[in-house]
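Working notes, beginning with the structure itself.
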Amino acid sequence: MTAEHAGRGPLDRDELARVVAADIPAGAYVNLGIGLPTVVGDHLPAGRGITLHTENGMLGMGPAATGDDIDPDLTNAGKLPVTETPGASYFHHADSFALMRGGHLDVCVLGAFQVSAGGDLANWHTGEPGAIPAVGGAMDLAIGARAVFVMMPLFARDGTPKVVEKCTYPLTGLACVSRVYTDHAVFTVDADGLRVRDTYGLTLAELRDRVGLPLRE
Amino acid sequence: MTAEHAGRGPLDRDELARVVAADIPAGAYVNLGIGLPTVVGDHLPAGRGITLHTENGMLGMGPAATGDDIDPDLTNAGKLPVTETPGASYFHHADSFALMRGGHLDVCVLGAFQVSAGGDLANWHTGEPGAIPAVGGAMDLAIGARAVFVMMPLFARDGTPKVVEKCTYPLTGLACVSRVYTDHAVFTVDADGLRVRDTYGLTLAELRDRVGLPLRE
Amino acid sequence: MSVAVTDADAAVADVPDGATVLIGGFGSAGQPVELIDALRRHGARDLTVVSNNAGNGDTGLAALLAAGLVRRILCSYPRQSDSYVFDRLYRDGRIELELVPQGNLAERMRAAGAGIGAFYCPTGVGTPLAEGKEQRTIDGRDYLLEFPIRGDVALIKAYRADGVGNLVYRKTARNFGPVMATAATTTVAQVTEVVPAGGLDPEVVVTPGIYVDRVVVV
Amino acid sequence: MSVAVTDADAAVADVPDGATVLIGGFGSAGQPVELIDALRRHGARDLTVVSNNAGNGDTGLAALLAAGLVRRILCSYPRQSDSYVFDRLYRDGRIELELVPQGNLAERMRAAGAGIGAFYCPTGVGTPLAEGKEQRTIDGRDYLLEFPIRGDVALIKAYRADGVGNLVYRKTARNFGPVMATAATTTVAQVTEVVPAGGLDPEVVVTPGIYVDRVVVV
């Protein structure tokens, strides 16, 4: 059953982050990708025992560092200064990626250019001529985390949906996305394709019309 | 040129260990296998900066522990209590064997049942019916150390040479032995076979007669 | 996440018959004797055990074997001066042995924990332990293809835990513990002490708490 | 063995033209700037550099690139807001790029240090980065075959060394240092301080001295 929240506008950035944050299970180990997913960290409920991993080599990452707490040796995957929480640990890159690729993270949250109905992810490269590619840990997270949450606007600037039948951007991983959180709808992904869990600012019928894909309710 | 030391008896256990110890380069990282090779540790000259590795997870192993220094959490590969030296470090088994297999040890010293003229090593299993096999880290050391020194009596109890054309015991590693230290002779091994560096208690001619293999001088 | 701190019997109460159990230790150093004793009391049968040795004397792993609960063991060095329990079972055909070179035992468990599907390793080429394994020449050197070893449960011994399950070890008792913790679905660590989260320096944690499910103070 | 303690210029003086140089750091955290500057002054040409990023601003790795000494770079994330030196060289066709997923960069160097000939890894299956790689299905999952990355020299930044070259790091500046130290023929570490052997707790050493050839205090 889809929950339609049509009598309101689409989710703003913080509202979207709160929806994602609310879906992260208590006690989970979580990696928040660079960019939009970082905002989720500001909305994780206290006391739920959620531990943040940063792939440059730390579990138990705390909030962004400010003022005197800024330490150039303590940064997140976006190379911004962060803090440590009690119970944190540091490890080298091979250990950090073993943790990611070995299936030990409960959830990762990633931005995306496109997600296909089958859960394929495209988030590392526009593929445009002259664009300099950069992949970082995106492919490792895509295949490694037990649940891959994507967080993105539902529509590109030109209005085309970013949830697609088949990705046209270069892929990051195959059939790896579990859920897609967007400003206009939350989707779950399984072997049968996309199901709409929530809509925001439009009805399911309107969503189907604008996305143009089979969307189960 | 072979150095013949015929005017004396064969090397005893400590003399043999001293010959091996004298050949370990200053500054070397060394693993001494269980059994006879352990004796080499007692004869390493001080001040040569030789560091001992034990595959259960330590660099900078010191001499055997006695009395109050015995700590059940600090043992060597033979499971005997040992000590640590200044500059020691501990690591887990995957890291310890990565170090061994990655070619970082300068020398390992191993016991053997047989060594072939081509440097094949047999030291883990008699292959007799009913014998329980046990390999430990022998195969990892054989392929991993930059130089593999074998230390053994030249003749088995029945008088047959343990340096052979082709091993009849199950192999530990192929073409991996660099030198063979025995009570009656020291051999170097290369692509052309065995060369006799020293004899003890017999002449080169007598050695050739008893071993029955082509032995270069 | 706060780690579950429990007693030894509760910590192994859900190990099912037929489970693969990774058991830490090199000889007696790092052997989680109290957890093994609890597993024996629990009585799960047809176990596959992965451990470097096959027990010493009559206690710990040897007692588990003597109780007839272990169908199969993967280890590198079963034969020791006091491994008479294993020796008897093996000669009587009452336990299967898969002999694994020590480095492969460690690296195959690391592979399981790290998501590696298989790896090429030079250990054992040309030996009887190469039988049945794929061989490949890479850059002029021969390698054997080795596959991961995964556990349903790992029983390990560490020195101290903190409240989120971070572990530090003591000297060479560290041995297989950190690797096994990554390779099992459920990891149980026996420790001498649990300190609050923040009580271990983040720089010196050897096993991060993400790999530790239950802690038992003995 | 006592580690050689030297100055930055002496530490890189024997790096030949055409060398493969592993350079630690994730962005600026852990980047061995003083060693990179010395390598630039040394002037070895046609270098292949392996590093997570391709330089920031005009200093460190970016300056090495700007000096025209680097023919080829393997990295996971060259494009950053201030990677204009690399960007220009790349667009001008004056530097080759091999883009390697970050986990493969680390694991391929670990493999080099650990004697692994190759390994099967799930990262990148079905993506453009799988092109030209062998694929194999193991237990129903698809993997790509990845080969080791070896260095002639590794330049890394640690926090403290002791007299035998044991290293400890600081926070997330640890990143690639410990892995690169194992993967290079010669490893040079810049540190803030060298303490005597015995001055680091053996339990907390991250990189054992066997992997460290030269130490430079900056």
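Numbers restart at 1 for each chain; the letters A, B, ... are given by sequence-line order, proteins then strands.
- The number of heavy-atom neighbours closer than 6.0 Å to CG of D:Asp92, taken from other residues, nucleotides and ligands shown, is above 12.
- Atom CZ of A:Arg13 is surrounded by 12 or fewer heavy atoms from other residues, nucleotides or ligands within 6.0 Å.
- Going from atom CG of D:Asn175 over to atom CZ of A:Phe91 covers 12.0 Å, rounded to the nearest 0.5 Å.
- Interface remark: D:Tyr169 contributes no atoms to any contact with chain A (heavy atom separation under 4.5 Å).
- Contacts of A:Ile34 with chain D are made by side-chain atoms alone, with heavy-atom separations under 4.5 Å and no backbone atom involved.
- A donor-acceptor pair under 3.5 Å links the side-chain atoms of D:Arg91 to the main chain of A:Gly130, judged by distance alone.
- With values rounded to the nearest 0.5 angstrom, A:Leu74 atom CG is found 5.5 Å from D:Lys171 atom NZ.
- For chain D, the option among A:Ile132, A:Leu141, A:Asn56 with the highest count of heavy-atom pairs below 4.5 Å is A:Ile132.
- Closest of all the heavy-atom pairs between A:His92 and D:Arg174 is N-CD, 3.7 Å.
- For A:Asp71, the part sitting under 4.5 Å from any heavy atom of chain D is the side chain, from C-beta outward, and nothing else.
- Looking at D:Val206, there are no atoms closer than 4.5 Å to chain A (heavy atoms on both sides), in backbone or side chain.
- D:Asp82 CG to A:Lys79 NZ: the interatomic distance, rounded to the nearest 0.5 Å, is 9.5 Å.
- Within residues 210-218 of chain D, no residue approaches chain A closer than 4.5 Å by heavy atoms.
- Contacts of D:Cys121 with chain A are made by side-chain atoms alone, with heavy-atom separations under 4.5 Å and no backbone atom involved.
- Looking at heavy atoms from C-beta onward, A:Phe97 lies out of side-chain contact with D:Thr123 at the 4.5 angstrom threshold.
- By the 30° and 60° cut-offs, the orientation of the rings of D:Phe26 relative to A:His93 is tilted.
- Distance alone, capped at 3.5 Å, places no donor-acceptor pair between the D:Thr172 side chain and the A:Gly57 backbone.
- Contacts of residues 102-118 of chain D with chain A at a heavy-atom distance below 4.5 Å involve D:Gln102, D:Gly103, D:Asn104, D:Ala106, D:Glu107, D:Arg110, listed in sequence order.
- In this structure, chain D has a heavy atom under 4.5 Å from the backbone of A:Pro72, while its side chain stays farther away.
- At least one side-chain heavy atom of A:Trp124 sits less than 4.5 Å from a side-chain heavy atom of D:Leu99.
- Across all their heavy atoms, A:Val135 and D:Pro101 have their closest contact at CG1-CA, 3.7 Å.
- Looking at D:Asn53, only its side chain comes within 4.5 Å of chain A, counting heavy atoms on both sides.
- Within the 4.5 angstrom heavy-atom criterion, only side-chain atoms of D:Tyr90, from C-beta onward, approach chain A.
- Around CG of A:Asp158, the count of heavy atoms belonging to other residues, nucleotides or ligands within 6.0 Å exceeds 12.
- Between chain D and the residues A:Gly136, A:Gly173, A:Pro133, A:Ala88, the largest count of heavy-atom pairs under 4.5 Å involves A:Gly136.
- Heavy-atom contacts from other residues, nucleotides or ligands closer than 6.0 Å to CZ of D:Arg94 number 12 or fewer.
- Of all the listed residues (A:Ile143, A:Thr172, A:Leu171), the one sharing the greatest number of non-hydrogen pairs under 4.5 Å with chain D is A:Ile143.
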